[in-house]
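Throughout, residue positions are numbered sequentially from 1 according to the sequence presented.
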Amino acid sequence: MSFIPVSPESHFPIQNLPYGVFSTADNPKPRIGVAIGDQILDLGAVKVFFEGPVMRTQQHVFDETSLNSFMALGRPAWQETRETLQRILSVDEQGLRDNHALREKALVPQSSATMHMPAKIGDYTDFYSSKNHAYNVGVMFRGKDNALMPNWTHIPVGYHGRSSSVVVSGTPIRRPNGQICPDESKPPVFSTCKLFDFELETAFFTGPATRLGEPIPIEKAEDYIFGMVLMNDWSARDIQKWEYVPLGPFLGKNLGTTVSPWVVTMDALKPFIVANATQDPKPMPYLTHEDNYNFDIALEVAIKCDGLSAPATICRSNYKHMYWTMKQQLAHHTVTGCNINPGDLMGSGTISGETEDSYGSMLELCWKGTKTIELGNGLTRKFLQDGDEVIMTGFCTGDGYRVGFGTCVGKVLPAHPL
């Protein structure tokens, strides 16, 4: 238990302690903090407490404006830092608790902080690892007999995204313009996207750098996974449909990707590990791990719009529906010798469950426009409208506490004039 009051509904008890980057009106410099209850602990202000064998010579990383240098230190540093944080925030530890001047300096209300991107992202890769989602999309466009491509159950399919358009929660996203082909018997037209969508995802940040030519063995993959965020990989479905053959998404995806500001560590998520998905056929040896690395993370998507008194929840899914694990994703990504750097971002792909209310995109929820999504108060949707605000949440439920990610929020702005 922490000396900082934490309500049972809070996503940020002492069992969590996610990392983020924040600033305040009186100090606009971005700085590294940890969420505890409704407060942020400024790690630069308390860096002297990190006196363990690893961190005593690395305290300077908490003076930086991103988490990259801390991510680069690796698991021993991450674990030692977490242990120190849980100790100094404990109700039984007096060092910070009884130093009122330091508490006044080091603790900042979340309500008065502006959140920034937690890391400088060098590379961003998005996977396609939910079997339910891949099957649903395949049925829509290829039919049940060819729903999954032949390679899908053999490799964690992925593609490289654009890191420059990854933004932090709260950043508005503009509806894109591009080429679409609404009538396949006619040439394409340049148009505003008509079928704008969200994708419910998570993502993980990588840790220590590797050298080009050296793969990460799956038994060591955990050492390179720093922590997870929520992610909305916005999608322009009509632009994507026209362009995706033969090389997959491009302009239909690069318009914007939103991530939550708090990075939840894998140590905080360990109590919520569940069995891995049954994989058939059995993966190749370089993709095989016997330990469980799947997580019971409840995920929800709500839409806030004019005419509603409260956001309408339209999706309830769970990370445990994933087919490929993060270890498998990272081992596959690097098996060619592709190198990674601290702060690289790896997206899960849309996370859909087995029931219609657990589908992680509007494409599935409205089944390619053949169904309407009820928001309440007489309002419906098939795809997103201008002014809609998409709110994603994710959390794990423990014994009397929650370990959560906060929210991942983005509002749809009108397109630029054609």
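Although no hydrogens or angles enter the test, the distance criterion places a donor-acceptor pair under 3.5 Å between the side chain of Glu243 and the main chain of Gly252. A donor-acceptor pair under 3.5 Å links the side-chain atoms of Asn292 to the main chain of Asn276, judged by distance alone. No donor-acceptor pair closer than 3.5 Å links the side chain of Lys382 to the backbone N or O of Thr372. Without hydrogens or angle criteria, Thr210 side chain to Asn339 main chain gives no donor-acceptor distance under 3.5 Å. One N or O on the side chain of Thr81 and one on the backbone of Ala77 form a donor-acceptor pair closer than 3.5 Å. Gln328 places no side-chain N or O within donor-acceptor distance of the main-chain N or O of Thr288, the cut-off being under 3.5 Å. A distance-only check finds no donor-acceptor pair linking the side chain of Ser165 to the backbone of Leu255 [under 3.5 Å]. Glu214 contributes no side-chain N or O that, together with a main-chain N or O of Gly337, makes up a donor-acceptor pair within less than 3.5 Å.
Rounding to the nearest 0.5 Å gives a distance of 10.0 Å between CD1 of Ile218 and CD of Glu290. For the atom pair CG (Asp123) and OG1 (Thr206), the distance works out to 9.0 Å, reported to the nearest 0.5 Å. One finds the CZ atom of Phe12 at 10.5 Å from the CG atom of Asp38 (value rounded to the nearest 0.5 Å). We find the NE2-OG1 distance between His289 and Thr325 to be 3.0 Å, quoted to the nearest 0.5 Å. Within the model, atoms CD1 of Ile121 and CG of Asp344 stand 8.5 Å from one another, a figure rounded to the nearest 0.5 Å. Rounding to the nearest 0.5 angstrom, the gap separating the CZ atom in Phe70 from the CH2 atom in Trp78 is 8.5 Å.
Aromatic rings from His332 and His154 are positioned such that their centres are separated by 6.0 Å or more. In summary, the aromatic rings of Trp324 and Phe127 are positioned with their centroids too far apart to meet the 6.0 Å limit. Between Phe395 and Phe405, the distance separating the two ring centers is not shorter than 6.0 angstrom.
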Where do Val390 and Val301 land on the side chain to side chain contact (heavy atoms under 4.5 Å, CB included) test, with the steps shown first?
CA-CA 7 Å; Val390 178; Val301 182; 3.9 Å; yes
Are Ile40 and Val34 close enough, and set up right, to give a side chain to side chain contact (heavy atoms under 4.5 Å, CB included), and what steps lead you there?
CA-CA 5 Å; Ile40 301 173; Val34 160; over 6 Å; no
In sequence, state the C-alpha distance, the side-chain angles, and the governing distance for Lys194 and Asp238, and then conclude on salt bridge (charged side-chain N to carboxylate O under 4.0 Å, His left out).
CA-CA 7 Å; Lys194 304 294 195 299; Asp238 39 7; 6.0 Å; no
Phe295/Met326 under side chain to side chain contact (heavy atoms under 4.5 Å, CB included): CA gap, chis, key distance, verdict:
CA-CA 10 Å; Phe295 298 87; Met326 288 178 279; 3.6 Å; yes
Walk me through it: do Leu73 and Val61 pass the test side chain to side chain contact (heavy atoms under 4.5 Å, CB included)?
CA-CA 9 Å; Leu73 297 180; Val61 300; 4.2 Å; yes
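Contact check for Thr258 versus Phe198: no side-chain heavy atoms found under the 4.5 Å cut-off. Side-chain contact between Val157 and Trp152 is present, with heavy atoms from C-beta onward closer than 4.5 Å. For the pair Glu300/Thr407, no side-chain contact is recorded, criterion being any heavy-atom separation below 4.5 Å from C-beta on. Between His116 and Val168, every side-chain heavy-atom pair lies at or beyond the 4.5 Å cut-off. The shortest side-chain heavy-atom distance between Ile303 and Leu384 falls under the 4.5 Å cut-off. Side-chain atoms of Asn232 and Glu201, non-hydrogen and from C-beta on, never get closer than 4.5 Å to each other. The shortest side-chain heavy-atom distance between Met228 and Ile297 falls under the 4.5 Å cut-off. Residues Pro208 and Tyr224 have side chains in contact (heavy-atom distance under 4.5 Å, counting atoms from C-beta outward).
A donor and an acceptor atom, one from each side chain of Thr380 and Glu374, are nowhere located under 3.5 Å apart. Side-chain contact check for Thr355 and Ser358: at least one donor-acceptor pair (N or O, by modelled atom type) lies under 3.5 Å. The closest side-chain donor-acceptor pair between His321 and Ser130, if any, does not fall under 3.5 angstrom. For the 3.5 Å distance criterion, the side chains of Arg31 and Thr24 qualify, holding a donor opposite an acceptor. Side chains of Asp296 and Asn318: a donor-acceptor N/O pair is present below 3.5 angstrom, by distance only. The closest side-chain donor-acceptor pair between Gln86 and Gln15, if any, does not fall under 3.5 angstrom. Checked by atom type, the side-chain pair Thr192/Asn177 shows a donor-acceptor distance below 3.5 Å. For the residue pair Gln329 / Ser129, a side-chain donor-acceptor distance below 3.5 Å is found, with atom types taken as modelled.
Using a 4.0 Å cut-off between a side-chain N of Lys or Arg and a carboxylate O of Asp or Glu, Lys47 and Asp63 qualify as a salt bridge. Salt-bridge check for Lys253 with Asp233: passed, with a basic side-chain N closer than 4.0 Å to an acidic carboxylate O. Looking at Arg175 and Asp386, a side-chain N of the basic residue comes within less than 4.0 Å of a carboxylate O on the acidic one, giving a salt bridge. Here Lys327 pairs with Glu222 in a salt bridge; the nearest charged N to carboxylate O distance falls below 4.0 Å. Note on Arg237 versus Asp197: salt bridge recorded, some NZ/NE/NH1/NH2 to OD/OE distance being below 4.0 Å.
The side chain to side chain donor-acceptor pair (under 3.5 Å) pairs that include a residue from residues 260-272 number zero, where partners must be two or more places apart or lie in different chains.
Ser69 and Glu64 make their closest contact through OG-OE1, 2.8 Å (heavy atoms, listed as atom of the first residue, atom of the second, distance). The shortest non-hydrogen separation linking Val6 to Pro13 is CG1-CA, 3.8 Å. Taking every heavy atom of both residues into account, Asn16 and Gly404 meet most closely at ND2-O, 2.8 Å. Considering every non-hydrogen atom in both Leu200 and Ser317, the closest pair reads CD2-CB, 3.9 Å. The two residues Ile239 and Pro176 make their nearest non-hydrogen contact at CD1-CG, 4.1 Å. Contact record, Ala203 with Met231: CB-SD, 3.8 Å, taken as the closest heavy-atom pair.
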Using residues 359-367 as the side-chain source, report each donor-acceptor pair under 3.5 Å to any protein atom, sequence neighbours left out, with the distance given to one decimal.
| residue | atom | partner | partner atom | Å |
| --- | --- | --- | --- | --- |
| Ser361 | OG | Glu364 | N | 3.3 |
| Ser361 | OG | Glu364 | OE1 | 2.8 |
| Glu364 | OE1 | His133 | ND1 | 2.7 |
| Glu364 | OE1 | Ser352 | OG | 3.0 |
| Glu364 | OE2 | His133 | ND1 | 3.4 |
| Glu364 | OE2 | Asn136 | ND2 | 2.8 |
| Glu364 | OE2 | Ser352 | OG | 2.9 |

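Counting non-hydrogen atoms of other residues, nucleotides and ligands closer than 6.0 Å to CZ of Arg162 gives a total of 12 or fewer. Few gaps surround CG on Asp183; more than 12 heavy atoms of other groups in view lie less than 6.0 Å from it. Residue Tyr159 places its OH atom among more than 12 non-hydrogen atoms of other residues, nucleotides or ligands, all under 6.0 Å distant. Within 6.0 Å of CG in Leu418 there are more than 12 heavy atoms belonging to other residues, nucleotides or ligands.
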